[in-house]
Amino acid sequence: MTSTPDGSAPGSRPGTDFIRQIIARDLARGLHDGRVVTRFPPEPNGYLHIGHAKSIVLNFGIAGEHERGRCHLRFDDTNPITENVRFVESIQEDVRWLGYDWGEHLYFASDYFEEMYACAVELIEKGLAYVDSQTEEEIREGRGTVTVPGTPSPHRDRPVAENLDLFRRMRAGEFPEGAHVLRARIDMAAPNMLMRDPVLYRIRHAHHYRTGDAWCIYPLYDFAHPLEDALEGITHSICTLEFENNREFYDWLVENVSIPHRPRQYEFARLNLDYTIMSKRKLLRLVEEGRVEGWDDPRLPTLAGLRRRGYTPSAIRAFCEMIGVAKADARVDMAKLEYAIRDDLNRKAPRVLAVPRPLKVTLTNWPEGRVEELDAPFYPRDVGLEGSRRLPFSGELFIDRDDFSDDPPPGYRRLVPGGEVRLRYAYVIRCDEVVRNEAGEVVELRCSHDPETRSGSAPSGRKVKGTIQWVSAAHAVPCRLRTYDRLFSVPDPDAAASHAGVDAGTPSAPAAGIHGDFRDFLNPESLEVLEDALIEPSVVGDAADTRYQFERVGYFWRDPVDSTPEALVFNRIVTLRDTWARRREAAEAPPASPKTSGVKPGAGESGPTTPSRKTGATGPRPELPPEARARADELERSHGIGRVDAEILARDSAVEAFYRAAVSAYPGRPRKDRPAGSISVANWVINELPPVLGDRNPADLPFDAAALGRLVGLVDDDTLNSSGGREVLEVMAREGGDPAAIVEARDLSQMRDPDKLEGVALGVLEAHPGKVKAYLSGKRGLEGFFMGQIMRETRGKADPELARGILRKMLGTHDSGEAGD
RNA sequence: UGGCCCGUCGUCUAAUGGCAGGACACCGGUCUUUGGAACCGGCGGUGGUGGUUCGAAUCCACCCGGGCCAACCA
């Protein structure tokens with residue numbers, strides 16, 4: 001509930017996402033001497049949007065959480081033809097506005113061009129890069145496709161000296177654009193397309209906004225970015241998911257070039273927001289085509305747009321913390337952003353009265369010419385801020401058209417003919433007469449006020465169903481209101497576009513507006529302007545950046561560009577939460593299938609997912625090569641291993657060899673209640689080995705198959721329980737060693753003494769009387785909790801079967817009486 | 001289709017082999033001179049099938065679904 005000084009959202013708990021966990025782990029391992037260096041690396045080719053805010057909040061946030069943390073602002077300006085200073089300025093402004101400070105750590109990739117060049121030369125000298133002189137199209141064709149391997153360039157084996165010479169001359173400007181490129185020399189058949197000799201440098205006779213004409217070759221992202229990170233001593237290079245495939249080259253580069261530091265890249269899911277788009281390219285198009293009024297159009301998700309709309313930096317930060325950081329593709333509900341800004345403004349914004357669509361009200365029993373000054377607080381009690389103003393009240397007023405109805409829907413709580421309503425901070429009035437024009441439109445209400453009901457005076461005792469806002473006709477200030485709604489009419493314009501036809505998002509797609517373009521889904525009602533609104537006079541002298549709550553209407557502030565003291569223009573930042581409007585919509589709109597359709601698709605029709613594959617048990621579908629199948633047959637036959645497991649072992653000869661060697665070290669003692677050793681070993685090799693194996697081949701493990709066999713033996717003969725076995729395996733996978741010795745050294749042998757176990761179980765139950773009660777009254781899931789406690793007490797050594805029996809006996813449930821479900 | 005990544009309430013996100021929790025949304029209530037706020041309560045989830053384990057959201061296998069990669073963009 002506490003609002004932290006930086007305005008974090010209540011309930012947000014920064015510090016638990018997977019990236020922070022990695023960093024914490026690294027720090028615990030003593031990496032980087034406790035330094036945590038992140039970076040926010042925008043390309044200055046567009047404005048920042050709220051998706052960038054997520055990244056900024058993450059990177060700067062992490063840096064701020066550590067003693068030796070810092071976050072660099074680095075412009076990734078390696079493409080002179082799309083980038084310019086205007087963008088570098090706007091980006092700096094936006095980051096600063098969001099509340100972050102990069103101190104002296106402002107960097108430009110273009111400042112590293114000389115170092116990058118040197119790295120390229122190093123690669124050439126090592127035979128790891130070459131100058132390719134094919135055309136762009138030839139290079140593309142040579143790369144192959146995802147399913148067919150690429151073919152080597154005819155220049156791939158150019159001598160080092162020739163490459164060096166060519167590359168030097170590329171730099172010297174001797175060649176036209178496209179004549180040559182520098183490529184890494186890796187593997188044209190790599191399954192990862194990015195490893196098929198990616199292009200490192202291209203020739204661009206272009207003027208760079210910072211380096212001028214000093215260079216005519218420019219590095220590409222894949223080459224430049226890791227070097228920038230390395231040069232700056234970045235420890236954790238955090239980017240979005242679409243760069244996952246690039247990580248392999250990132251690692252290849254930093255390993256093959258002499259640099260002072262080895263950074264690592266981690267990827268998280270970028271932000272997608274409902275009813276808007278986050279692509280800089282598409283945003284640029286909306287701006288250039290005039291579909292919106294500029295990069296700071298308040299309907300845009302750009303930081304400039306949000307800022308002009310009136311969003312606060314603290315709300316955006318709170319939002320970013322609320323949505324979390326993970327690797328699953330996410331599409332966040334607009335309601336979350338709106339919650340963040342409302343929650344922020346609710347606590348800060350003074351309340352004032354404004355009337356968007358004025359309807360005249362004449363008080364027939366008000367003394368001619370009389371004006372009263374009513375005292376009105378700026379904040380409701382629960383906000384807890386001080387301050388009030390005097391509101392002029394007279395016999396000629398305006399209320400909002402929406403607050404009067406001569407055909408009120410059920411539940412309507414405002415003014416109706418003959419009805420009463422309270423004027424906020426003022427009197428109760430009754431509508432005596434409705435005045436209409438020739439067209440039958442209501443143009444005026446003639447009402448009478450009750451002098452006894454003056455706000456604050458006496459305990460009026462009157463129960464009036466509604467309260468509405470108003471302004472005094474003679475005192476109100478005219479203003480223009482701009483209300484904004486979602487930019488698009490569908491939650492995912494890109495998806496809608498690709499369903500409808502062409503996805504204009506891929507480079508190959510023609511830029512022209514064929515059918516199915518995301519722009520087809522622009523919401524025509526995203527902007528509404530109310531020209532004749534009125535507002536109470538107290539706002540006239542306020543600071544231009546004052547954010548208000550117009551009571552019962554929404555949060556607003558002056559448009560920073562168009563509003564002048566003579567002609568006020570207010571932007572609606574966000575509406576108030578409006579349960580009435582919601583109920584109305586629900587009532588009017590779809591009486592569709594009774595809301596019962598909350599039934600999940602999975603509930604009734606789980607059938608469709610278990611379809612075609614009737615043929616036998618589920619198992620490895622990919623058919624094995626014949627010899628592997630033969631070995632699987634043999635394993636199945638003479639080792640007693642199930643078909644599925646046999647195939648898993650047989651399909652990888654290294655694994656199979658490891659398994660066979662382990663079995664020969666531990667053939668297993670034949671016992672009636674135990675599977676043969678071969679089956680135990682197979683289970684361990686199949687289920688437990690892979691997690692500790694990582695990328696390694698079984699043969700590269702620091703222990704041999706015989707050791708695994710002995711370990712399985714230790715588990716089978718009850719020296720170890722299964723979690724002890726896994727612990728030993730982890731140790732072996734880390735540092736090798738003999739299982740028995742590890743058990744000895746770590747004191748892991750299983751605790752099987754029933755008396756001791758009983759003591760432990762008793763202690764656990766006594767320590768958690770509430771849980772015991774809950775268990776007894778049916779919450780059987782708690783057995784896992786108790787078991788967990790027992791295992792913890794015994795440092796994982798308790799014989800779990802024994803312990804469970806004891807536990808159940810103590811709790812009065814029998815082994816047979818299944819605790820489950 | 002080759003490779004990589006990802007599937008937990010409607011949405012976002014925790015739980016790192018041991019009680020499936022939080023936030024937003026939604027529904028209901030209390031309070032209210034904002035149909036606001038606050039407070040209380042409710043609804044609601046591990047994509048599927050097998051396996052390993054005393055115990056699986058978590059480990060293994062397969063299936064299903066989604067994302068990314070074939071710019072001299074980033």
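Proteins come first, then strands; the chains are lettered A, B, ... in the order of their sequence lines, and each starts at number 1. This one's a predicted model, so the numbers in the text were calculated from it and none came from an experiment.
- For the pair A:T579 and B:G36, the criterion of a side-chain N or O lying under 4.0 Å from OP1 or OP2 is met.
- On the P atoms, B:G51 is 30 Å away from B:G44, given to the nearest whole Å.
- The listed nucleotides are B:A74, B:A70, B:U52; the one nearest the side chain of A:V146 is B:A70.
- Regarding contacts with the backbone of B:C62, a side-chain N or O of A:R651 is found under 4.0 angstrom from either OP1 or OP2.
- Between the side chain of A:D329 and the base of B:G7, no donor-acceptor pair of N or O atoms lies under 3.5 Å.
- Only the P atoms considered, B:U49 is 30 Å distant from B:G42, to the nearest whole Å.
- Within 4.0 Å of A:Q549, counting heavy atoms only, lies at least one base atom of the nucleic acid.
- Contact annotation: A:R281 side-chain N/O to B:A71 OP1/OP2 distance is not under 4.0 Å.
- Between A:R204 and B:C73 there is a side-chain polar atom (N or O) within less than 4.0 angstrom of OP1 or OP2.
- Of the candidate nucleotides B:G18, B:A74, B:G36, B:G36 has the atom lying nearest to any side-chain atom of A:L576.
- Taking atom C1' in both B:C5 and B:C26, one finds a spacing of 33 Å when rounded to whole Å.
- In terms of polar N and O atoms assigned as donor or acceptor, the side chain of A:R726 comes within less than 3.5 Å of the base of B:G17 in a complementary pairing.
- Remark: A:R202 is in phosphate contact with B:C73, judged by side-chain N or O atoms under 4.0 Å from OP1 or OP2.
- Nucleotides B:G7 and B:G47 place their C1' atoms 7 Å apart, quoted to the nearest Å.
- A:G178 comes within 4.0 angstrom of a nucleotide base, judged by non-hydrogen atoms across all strands.
- In this structure, A:Y548 has its ring center no closer than 6.0 Å to that of A:Y555.
- A gap of 8 Å separates the P atoms of B:U1 and B:C64, to the nearest Å.
- Counting non-hydrogen atoms of other residues, nucleotides and ligands closer than 6.0 Å to CZ of A:R331 gives a total above 12.
- Counting only heavy atoms from C-beta on, A:A328 has its side chain closest to B:C6 among B:C6, B:A74, B:G35.
- Listed nucleotides: B:C72, B:A14, B:C12. Nearest to the side chain of A:A330: B:C12.
- Classified by interplanar angle (parallel below 30°, tilted 30° to 60°, perpendicular above 60°), the ring pair A:H768/A:F785 is perpendicular.
- Side-chain nitrogen and oxygen atoms of A:R247 include none within less than 4.0 Å of the OP1 or OP2 phosphate oxygen of B:C4.
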*Report the C-alpha distance between A:N245 and A:N192 in whole Å, list the side-chain angles of each, state the deciding distance to 0.1 Å, and finish with yes or no for side-chain hydrogen bond (donor to acceptor under 3.5 Å, both in side chains).*
CA-CA 7 Å; A:N245 297 322; A:N192 181 351; 5.1 Å; no

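- Taking the centre of each ring, A:Y221 and A:F243 come in below the 6.0 Å mark.
- Of the candidate nucleotides B:U11, B:A37, B:C5, B:C5 has the atom nearest to the side chain of A:K327.
- Taking the syn range as angles within 90° of 0, the glycosidic angle of B:A71 is syn.
- The shortest side-chain heavy-atom distance between A:I139 and A:V181 falls under the 4.5 Å cut-off.
- For the OP1/OP2 pair of B:C73 and a distance below 4.0 Å, the side-chain nitrogens and oxygens of A:Y221 include no atom meeting the criterion.
- Residue-to-nucleotide contacts include a donor-acceptor pair under 3.5 Å from the side chain of A:K336 to the base of B:A23.
- Using a 4.0 Å cut-off, no side-chain N or O of A:T145 falls inside it from OP1 or OP2 of B:G2.
- When the C1' atom is used for both B:G35 and B:U30, the distance is 16 Å, rounded to whole Å.
- For A:N245 and B:C68, a side-chain-to-base donor-acceptor distance below 3.5 Å is present, hydrogens and geometry of angles not being considered.
- On a pure distance criterion of 3.5 Å, no polar donor-acceptor pair joins the side chain of A:R342 and the base of B:G36.
- A gap of 13 Å separates the P atoms of B:G29 and B:G36, to the nearest Å.
- Residue side chain A:Q469 does not reach the base of B:U34 through any donor-acceptor N/O pair under 3.5 Å, judged by distance alone.
- Comparing B:U8 with B:U13, their P atoms sit 8 Å apart, to the nearest whole Å.
- Atom CG of A:L693 is separated from atom C1' of B:C60 by 13 Å (rounded to the nearest Å).
- The side chain of A:N687 approaches B:C60 more closely than any other nucleotide in the set B:G3, B:C60, B:G67.
- A:R331 contributes no side-chain N or O that forms a donor-acceptor pair with the base of B:U11 under 3.5 Å.
- Judged by atom type and distance alone, A:D402 does not reach the base of B:G35 through any side-chain donor-acceptor pair under 3.5 Å.
- Side chain A:T467 to base B:U34: no donor-acceptor pair is found below 3.5 Å.
- Across all strands shown, A:F268 has no heavy atoms under 4.0 Å from either base or sugar-phosphate atoms.
- Phosphate contact (OP1/OP2 of B:C26, side-chain N/O of A:R582, threshold under 4.0 Å): present.
- Taking every side-chain heavy atom of A:I323 into account, B:C12 is the closest of B:G36, B:C12, B:C5.
- No engagement by A:T575 is indicated, since no non-hydrogen atom pair under 4.0 Å with the nucleic acid exists.
- Counting atom types as modelled, A:R422 pairs a side-chain N or O with a base atom of B:U33 as donor and acceptor under 3.5 Å.
- A:K280 comes within 4.0 angstrom of no nucleic acid atom, judged by non-hydrogen atoms across all strands.
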